[in-house]
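Beneath this line is the structure, given in structure tokens, with notes to follow.
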Amino acid sequence: MAEESDLERTEPASPKRLEQAREEGDVPRSRELSTCTILLAAGAGFWFYGDTTISQIKLALMRGLVIDRSLAFDFPRLQTYIAVIIQDVMLALAPIAALLMIVALASPLLIGGWLFSGKALTPNFTRMNPLTGLGNMVSARAGVELIKAILKTLLVGGVAWIVVVKQKDAIFGLGMEPIHQATAHLSHMLGFCFLAIVGALVVIAAIDAPYQVWQYAEKLKMTHQEVVQESKEANGNPQIKAKVRAQQREMAKRRMLADIPTADVVVTNPTHYSVALKYKEGGTGAPRVVAKGAGVIAAKIRELAVEHHVPILEAPPLARALYAHTELGDEIPETLYSAVAEILAYVFQLKIFQQKGGVRPTVPSDVPVPPELDPLNQVGVVS
């Protein structure tokens, strides 16, 4: 059952899969929507500019039917004359043609967007396989396309039939009307029929466009295993990454513990936290944190400090503040300069006492730490 569920495409396509499909020239498209927009643009163009276009074409045709006798015997002049007429016809149709071209180029933006993919032009010999072609002919998608074609034919044909039937008396009466009136009447009927058919195509496009988007999303769905595999390829194997992070933490821990023998003092809590500090005499910087830890790590720091004769000083508020507000290698905050200076002064006096004798320095007590830096003042923090 688990294997069957892994083979089921239940996961939506990832951004990477969508990008790959787009690179291969695979985007959702609706031919019905493109056809509908172009026909609407054609209808709008003829509605606003049709009279001017027809008038210009009429004048061009009149010039073409009236040719001077001298032109018939002068081929270069006749050629120029005909070229001018053709040019006038093209100029008359240019505004509508330009509108249709703009709409044809802009219609892909409604669904799928513009796409320029070289992979789509690459020869794919699998498409020439007759078995593949037969499989596509009897596929579910082919069945849906067949049903769509039948419904579209019935809808458009039905609308056209209704329009013609409703205007049959007017159509038969065109022969009884004067030529100019009949021409205007026929243009009106053709325009009405065109608008009715385009209206039917609008209904088809409104259904087909969402369907194509849904079908595209269904086609690119992924199995759970594919999602997991893609995540591994993009972000790396989580188990391997966890092992790498663990190794990095272990290496950082070893480097930190190796720096403890060089520390000047270890400040403790006394059991929860341990922070090792080092100060370079004569330097311009502040004391730095060379090691810090809590729990077991804190105990290990204290153990190494004892082993290498690094002074250990119990100053709970300072240890908590240093642990909470510094990172390894950081200089101590300015607000803790005074407290750390008191600790380091004691450590240096202790070294002099151990080397030359004299009066043993007094261990600092109640080291001043700003209350806002002590995590003990925060609720839920272990002291």
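The model shown is predicted, which means the values in this text are computed figures rather than measured ones.
- In terms of heavy-atom proximity, Ile85 sits nearest to Gly64 at CD1-CA, 3.4 Å.
- When Asp330, Leu373, Val275 are each tested for a side-chain contact (heavy atoms from CB on, under 4.5 Å) with Leu322, only one passes: Val275.
- Glu218 has a carboxylate O that lies under 4.0 Å from a charged side-chain N of Lys221, or vice versa, which qualifies the two as a salt bridge.
- Listed here is the closest heavy atom pair of Gly293 and Ile301: N-CD1, 3.7 Å.
- Here the shortest heavy-atom pairing between Tyr273 and Ala298 reads C-CB, 3.9 Å.
- Proximity of a side-chain donor or acceptor of Lys292 to a complementary backbone N or O of Thr326 within less than 3.5 Å is detected.
- Formation of a donor-acceptor pair under 3.5 Å by the Asp264 side chain with backbone atoms of Tyr279 is found in this model.
- Between Leu277 and Ile343, the closest side-chain pair of non-hydrogen atoms is not below 4.5 Å.
- You'll find the side chain of Thr52 reaches within 4.5 Å of the side chain of Gln56, heavy atoms only.
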*Carefully, step by step, assess Asp26 and Tyr216 under the rule side chain to side chain contact (heavy atoms under 4.5 Å, CB included).*
CA-CA 9 Å; Asp26 187 7; Tyr216 180 77; 3.5 Å; yes

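- Here the CD1-CG distance, from Ile38 to Leu33, works out to 10.0 Å after rounding to the nearest 0.5 Å.
- By the 6.0 Å contact criterion, NZ on Lys148 is enclosed, its count of non-hydrogen atoms from other residues, nucleotides or ligands being greater than 12.
- Across every non-hydrogen atom of Ala263 and Val290, the tightest pair is CB-CG2, 3.9 Å.
- Taking OG from Ser30 and CD from Gln215, the interatomic distance works out to 11.0 Å, rounded to the nearest 0.5 Å.
- Note: the hydrophobic cluster containing Leu91 does not contain Ile57 (ILVMFWY, side chain heavy atoms under 4.5 Å, direct or indirect links).
- In this structure, the side chains of Val369 and Leu336 come closer than 4.5 Å at one or more pairs of heavy atoms.
- Under the 4.5 Å side-chain contact rule for hydrophobic residues, Val213 and Ile207 do not share a cluster.
- In this structure, the side chains of Gln354 and Leu350 come closer than 4.5 Å at one or more pairs of heavy atoms.
- In this structure, Glu226 contributes its side chain and Thr223 its backbone to a donor-acceptor pair below 3.5 Å.
- Hydrophobic clustering (ILVMFWY, side-chain heavy atoms < 4.5 Å, transitive): Met90 and Tyr81 are in one cluster.
- Taking CG from Leu174 and CE from Met189, the interatomic distance works out to 4.0 Å, rounded to the nearest 0.5 Å.
- Using a 4.5 Å heavy-atom cutoff, the side chains of Leu40 and Val202 are in contact.
- Closest approach of Pro12 and Met222 over heavy atoms only: O-SD, 4.2 Å.
- When atom types are taken as modelled, the side chain of Arg288 and the backbone of Gly329 share a donor-acceptor pair closer than 3.5 angstrom.
- Residue-environment remark: OH (Tyr337) exceeds the threshold of 12 foreign heavy atoms within 6.0 Å.
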_Check against side chain to side chain contact (heavy atoms under 4.5 Å, CB included), Thr153 and Ile150_ = CA-CA 5 Å; Thr153 302; Ile150 294 174; 5.8 Å; no

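- The structure places CG of Leu155 at 8.0 Å from CG of Leu201, a figure rounded to the nearest 0.5 Å.
- Leu59 is not listed as a side-chain neighbour of Asp88, based on a closest heavy-atom distance of 4.5 Å or more.
- Between Leu328 and Arg255 the shortest side-chain heavy-atom distance does not fall below 4.5 Å.
- Both Val367 and Phe348 belong to a common hydrophobic cluster when Ile, Leu, Val, Met, Phe, Trp and Tyr are linked at side-chain heavy-atom distances under 4.5 angstrom.
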*asked:* Show, in sequence, the C-alpha distance, side-chain angles and deciding distance for Lys278 and Thr262, and conclude whether the side chain to side chain contact (heavy atoms under 4.5 Å, CB included) test is met.
replied: CA-CA 7 Å; Lys278 180 178 179 61; Thr262 66; 4.1 Å; yes

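- Within 6.0 Å of the NZ atom in Lys219, the count of heavy atoms belonging to other residues, nucleotides or ligands exceeds 12.
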*With side chain to side chain contact (heavy atoms under 4.5 Å, CB included) as the test, would you mind laying out the steps for Val103 and Leu99 before giving the verdict?*
CA-CA 6 Å; Val103 172; Leu99 175 63; 4.2 Å; yes

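- From Leu318, atom CG reaches atom OG1 of Thr268 across 10.0 Å, with rounding to the nearest 0.5 Å.
- No donor-acceptor distance shorter than 3.5 angstrom exists from the side chain of Thr35 to the backbone of Glu32, with no hydrogens or angles considered.
- Ile162 and Leu195 fall into different hydrophobic clusters, defined by Ile, Leu, Val, Met, Phe, Trp and Tyr side-chain heavy atoms under 4.5 Å apart, directly or through other members.
- Between Arg29 atom CZ and Gln212 atom CD the span is 11.0 Å, to the nearest 0.5 Å.
- Minimum heavy-atom separation, Ala206 to Pro210: O-CD, 3.0 Å.
- Environment of CZ in Arg63: crowded, with over 12 heavy atoms of neighbouring residues, nucleotides or ligands closer than 6.0 Å.
- Using a 4.5 Å heavy-atom threshold, the side chains of Phe192 and Gln167 count as touching.
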